[in-house]
Number of protein chains: 2
Amino acid sequence: MAGTATPTKKQEIIAQAYDAFYDGGFHATGIDTVMANSGISKRTLYKYFPSKEDLIEAVLDQYGEDTDTYLFKPALARSDDPREQILALFDVRREMMEASCRGCLAMKAGQEYIGKHEGIAARGRAASEYVEGRFVELCQKAGLVNPLDTGRQIGLLFQGAAMTAQMQQKPSVFETAKKAVHILLAA
Amino acid sequence: MAGTATPTKKQEIIAQAYDAFYDGGFHATGIDTVMANSGISKRTLYKYFPSKEDLIEAVLDQYGEDTDTYLFKPALARSDDPREQILALFDVRREMMEASCRGCLAMKAGQEYIGKHEGIAARGRAASEYVEGRFVELCQKAGLVNPLDTGRQIGLLFQGAAMTAQMQQKPSVFETAKKAVHILLAA
DNA sequence: GACAATGTAAACCGATCTGTTTACCTATGG
DNA sequence: CCATAGGTAAACAGATCGGTTTACATTGTC
């Protein structure tokens, strides 16, 4: 999921670890597994990332960038109307989960590291707050009477839909969530 | 969180593992850690549970029972009005998270074992569907025009709130969720 | 008091974990 | 041609993993 030409070694390592952790979980996936059949040696990995936790933090930072690149930007580009943009976010997220029904990597990391590693837990928290904030911002642009409440409520629907879609392997729950968003926006 | 008097050895083991996995995660918590300082030997554990995964399944089954005992029953007892009962579920869940801000154990297990262990993943899926179903049932009792949609939407808010409260260590998000529930019930 | 059942404690096994080290390969540039 | 930088591959180290086994303590019952 990189963008620039000829990625650096560091970016290669992150990209490889990204999918390995996404598919296999953080604690369950060892460093050897992460780098297997990738042409990247453990020595080089530990040169750039002194510990597994450092690598996980870098992966989560990349995930944050990807969320902007592949979720927010495309969704916001689909319309100029903030209300339509909010709905488009649910559409794009659904399309992403139809391609690969994986939940939110930052939540996954938070679940595994809250109370155990602050740097990783903080990135889970930040991702949660960021999504919330973007919805609040769109609700402000839409001129809603209470953008803070409505934005947060939509954020809860969004996170709940991602979680439920993953758990039930059913991206269609985003349609259910969208119906609720319509009602909240009309209230 | 057991109920009967003089719990059996099997129940003791489950209770001990329950908290160890809840606090430490499943992959991150070893069997030795689970039973440390509990007066339960590994030999006895493996007599009742032939593998770690079997133990996790038993813990999740207990979690399902606890969800009824400590969440649904108390919430439904707070009122006879189905709408009030729905709101009470959000109140009770918030109170639980204020006592100990841990998310949903079944979701946590699902996150770690989807695609890796079907018995465990199925229990995560079942928990997600169960919550959904109970909200749909209450929406039916409330005589809503579209109980299936509304119930599912409320379910998404509920799961999203639990996830977000855990991630941000902020049980107060259940108040935000309740406001949305009011709107959905009035629509 | 002998017996069987049930338990604890702890040594043990092979595999795997994070992380380090050794040895070798392969470019590029003066 | 040779030095250097940056890389792979793989052995290695010590800890921990899931799981087994051995040895011993406790209990109730005939």
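In what follows, every chain begins at residue 1, and chains take the letters A, B, ... in the order their sequences are listed.
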Using the ring-ring contact (aromatic ring centres under 6.0 Å, His included) definition, which of the options Y63(B), Y113(B), F26(B) pairs with F21(B)? F26(B)
Figure out the CD/P separation between Q16(A) and dT8(D), and round it to whole Å. 12 Å
Any pair with a residue in residues 114-133 of chain A that passes ring pair (Phe, Tyr, Trp, His ring centres under 6.0 Å), sequence neighbours left out, goes on the list, sorted by first then second residue, please. F72(A)-Y130(A)
I'd like to know if the side chain of Q166(A) and the backbone of R102(A) have a donor-acceptor N/O pair within less than 3.5 Å. no
Give the rounded distance in Å between these two atoms: CE of M35(B) and P of dA10(C). 17 Å
Just N and O in the side chain of K47(A): are any of them under 4.0 Å from OP1 or OP2 of dG7(D)? yes
Under 4.0 Å between a side-chain N/O of K9(B) and OP1 or OP2 of dT8(C), yes or no? yes
If you compare every side-chain N and O of T44(A) against the phosphate oxygens of dG6(D) (OP1, OP2), does one of them come in below 4.0 Å? no
Reading 5' to 3' through nucleotides 17-24 of chain D, protein heavy-atom contacts under 4.0 Å coded B for base, S for sugar-phosphate only, - for none: -SBBBB--
S41(A) side chain N/O closer than 4.0 Å to the phosphate oxygens (OP1, OP2) of dA10(D)? no
Distance-only side-chain donor-acceptor flag, Q168(A) / S128(B), under 3.5 Å: yes
Considering only residues two or more places apart or on different chains, which pairs with a residue in residues 71-86 of chain A satisfy salt bridge (Lys or Arg N to Asp or Glu O under 4.0 Å)? R78(A)-E95(A)
Whole-Å distance, L45(A) CG to dT21(C) P, equals 16 Å
Would you say Q153(A) and D149(A) are linked by a side-chain donor-acceptor pair, where the criterion is simply a distance under 3.5 Å? no
Applying a 4.0 Å non-hydrogen cut-off, can you work out what Y48(A) is touching in the nucleic acid: base, sugar-phosphate, or nothing? sugar-phosphate
